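Have a look at the structure below, then the notes.
Lettering follows sequence order; numbering is per chain, from 1. Note that the coordinates shown come from a computational prediction; the quantities given were computed from them, not determined experimentally.
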Number of protein chains: 2
Amino acid sequence: MPYQILIFEDNSRLRQSLEMLLNDEANFYVAASFPDCDNADKQVEKYNADIVVMDIDMPGIGGIAGVKKIKNTNPDVKVIMHTMFDDDNRIFDSICSGADGYMLKNTSPLQLINALQEVMTGGVPMSPFVAQKVFQHFRQSKIEAEQFDLTAREKEILELLVKGNSYKMIANKCGITIDTVKKHLQNIYHKLHVNCGTEAVAKALRHKIVNPE
Amino acid sequence: MPYQILIFEDNSRLRQSLEMLLNDEANFYVAASFPDCDNADKQVEKYNADIVVMDIDMPGIGGIAGVKKIKNTNPDVKVIMHTMFDDDNRIFDSICSGADGYMLKNTSPLQLINALQEVMTGGVPMSPFVAQKVFQHFRQSKIEAEQFDLTAREKEILELLVKGNSYKMIANKCGITIDTVKKHLQNIYHKLHVNCGTEAVAKALRHKIVNPE
DNA sequence: AAATCAATTACACATTTGGGTAATAGATGT
DNA sequence: ACATCTATTACCCAAATGTGTAATTGATTT
């Protein structure tokens with residue numbers, strides 16, 4: 001039995017050509033397609049869908065909210081985003097909302113078919129550009145981090161603070177007095193432009209000045 | 001001119017078969033291969049490499065440190081990790097260190113060849129399982145977050161704390177007294193199993209209990 | 001040789017934070 | 001109707017945090 005596919009895409013021309021493209025494959029069957037995803041969760045239920053092809057920019061609730069709805073009720077349905085948007089926010093919001101793939105609309109028909117095949121074998125298809133963005137997200141750290149110009153000692157102390165150590169514990173672990181710790185942290189706060197430890201921790205983690213875990 | 005490839009792999013049988021495999025391709029040429037990557041940066045320089053295939057578990061400095069060295073001196077060289085390890089730490093450390101791809105050793109020869117072709121066209125080849133892990137890294141948030149069982153009010157207050165607000169500022173913004181803020185935070189600290197604000201902030205960000213940014 | 005920077009210590013002072021205990025009122029659930 | 005949960009306030013007290021100023025040492029730079 002072919003995989004049941006739903007398409008959510010507001011451009012009717014594109015929607016129809018997607019339908020034709022996918023229906024040409026022996027193991028795909030487009031059960032239905034819609035110009036908006038306001039009832040996406042119910043449609044998925046009704047048609048017992050295996051795969052959803054989801055546009056982002058649509059009238060109504062939008063594709064990212066759509067994924068969320070679908071994944072809440074049917075976590076096993078595979079959802080592949082299919083959009084022309086390649087900005088960080090849309091990409092990461094989609095992933096966080098539970099998308100199983102992210103293909104840009106400049107993808108060739110063959111590659112899109114491959115993406116759908118791939119997602120059914122447990123893969124996570126994404127356009128090369130998207131993969132780039134995702135990898136970059138992990139890096140970019142040091143470039144920014146070095147902007148703050150922390151000394152080795154300061155980084156060490158900040159790292160201990162982020163790990164939840166009190167001033168006293170930091171003093172012990174570094175073999176220095178608590179006053180020195182205070183002084184270092186004071187300098188650190190100035191360099192990070194923050195006023196207290198909690199802010200410093202937030203900034204350190206967000207800007208990846210210290211290693212996460 | 002074929003792409004110049006370097007291989008770092010301590011298993012000599014595998015190293016040799018990789019050499020043969022890649023040399024069979026018209027546009028690849030294995031310039032050299034080594035059982036460790038202690039001088040990886042210099043070798044890359046010397047052989048003017050385009051692509052590096054890098055094992056992780058090797059005697060000496062190890063593949064992840066190896067990537068770092070190479071990327072520091074030659075950021076344009078493409079480095080593909082090639083390893084049997086599929087744990088989160090090795091994957092994310094590799095990415096953070098600058099790897100341009102991550103292929104598991106159960107990859108078929110054909111897929112490995114494709115991965116190398118892909119990386120030269122700006123792609124980021126990775127085994128499906130690795131892509132899964134990477135995507136999961138963005139999600140996992142809510143699943144874990146809900147474990148802590150914070151009430152709506154507690155989430156709100158934790159979020160304000162993470163943003164760098166003092167107890168007093170939180171009290172103002174929420175229109176409640178500072179004592180109430182204290183009480184809420186006390187409850188939050190218990191639920192998160194932490195003892196102070198900095199730890200709570202670290203945990204909130206790491207477990208994505210609050211929105212980043 | 002002089003200047004700068006990193007790391008260090010010290011002290012004083014005000015403010016903030018965190019723990020414990022107790023009590024009230026409204027909402028929710030059984 | 002009773003029990004539980006959530007949000008709220010209050011008070012006391014100890015400990016931690018943050019700021020300012022000042023001084024010393026060693027290393028690095030100019």
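- Nucleotide dT6(D) holds its P atom 16 Å from the CD1 atom of I176(B), rounded to whole Å.
- Residues N165(A) and H184(B) both approach DNA chain D. Their nearest nucleotides, taken by heavy-atom distance, put H184(B) toward the 5′ side.
- Rounded to whole Å, atom P of dA7(D) lies 8 Å from atom CD1 of I157(B).
- Taking atom CD of E199(A) as the reference point, atom P of dT17(C) lies 11 Å away to the nearest angstrom.
- The existence of a salt bridge linking D87(B) and R90(B) is confirmed by a sub-4.0 Å separation between a basic side-chain nitrogen and an acidic carboxylate oxygen.
- Taking only side-chain atoms of K183(B), from C-beta outward, the nucleotide of dA7(D), dT9(C), dT21(C) with the closest atom is dT21(C).
- Mapping Y189(A) and I178(B) onto DNA chain D by nearest heavy atom places I178(B) closer to the 5' end of the strand.
- Atom CZ of R153(B) is separated from atom C1' of dA27(C) by 15 Å (rounded to the nearest Å).
- Residue T180(B) places at least one side-chain N or O under 4.0 Å from the OP1 or OP2 atom of dT9(D).
- D179(A) has its CG atom 13 Å from the P atom of dT8(C), to the nearest Å.
- A salt bridge links K133(B) with D88(B): the distance from a Lys NZ or Arg NE/NH1/NH2 to an Asp or Glu carboxylate oxygen falls below 4.0 Å.
- Here K168(B) reaches the OP1 or OP2 of dT16(C): one of its side-chain N or O atoms lies under 4.0 Å away.
- In this structure, CG of N187(B) is placed 10 Å from C1' of dT6(D), rounded to the nearest angstrom.
- The separation between D149(A) atom CG and dA6(C) atom P is 8 Å, rounded to whole Å.
- Within a 6.0 Å sphere centred on OH of Y3(B), other residues, nucleotides and ligands contribute 12 heavy atoms or fewer.
- Rounded to the nearest 0.5 angstrom, Y47(B) OH and F34(B) CZ are separated by 4.5 Å.
- Between T177(B) and dT8(D) there is no side-chain polar atom (N or O) within less than 4.0 angstrom of OP1 or OP2.
- When distances run from any side-chain atom of T151(B) to the nucleotides dA7(D), dT8(C), dT21(C), the shortest one goes to dA7(D).
- Aromatic rings of H137(B) and F138(A) (six-membered ring for Trp) have centroids within the 6.0 Å cut-off, being under it.
- The separation between Q186(A) atom CD and dA22(D) atom P is 14 Å, rounded to whole Å.
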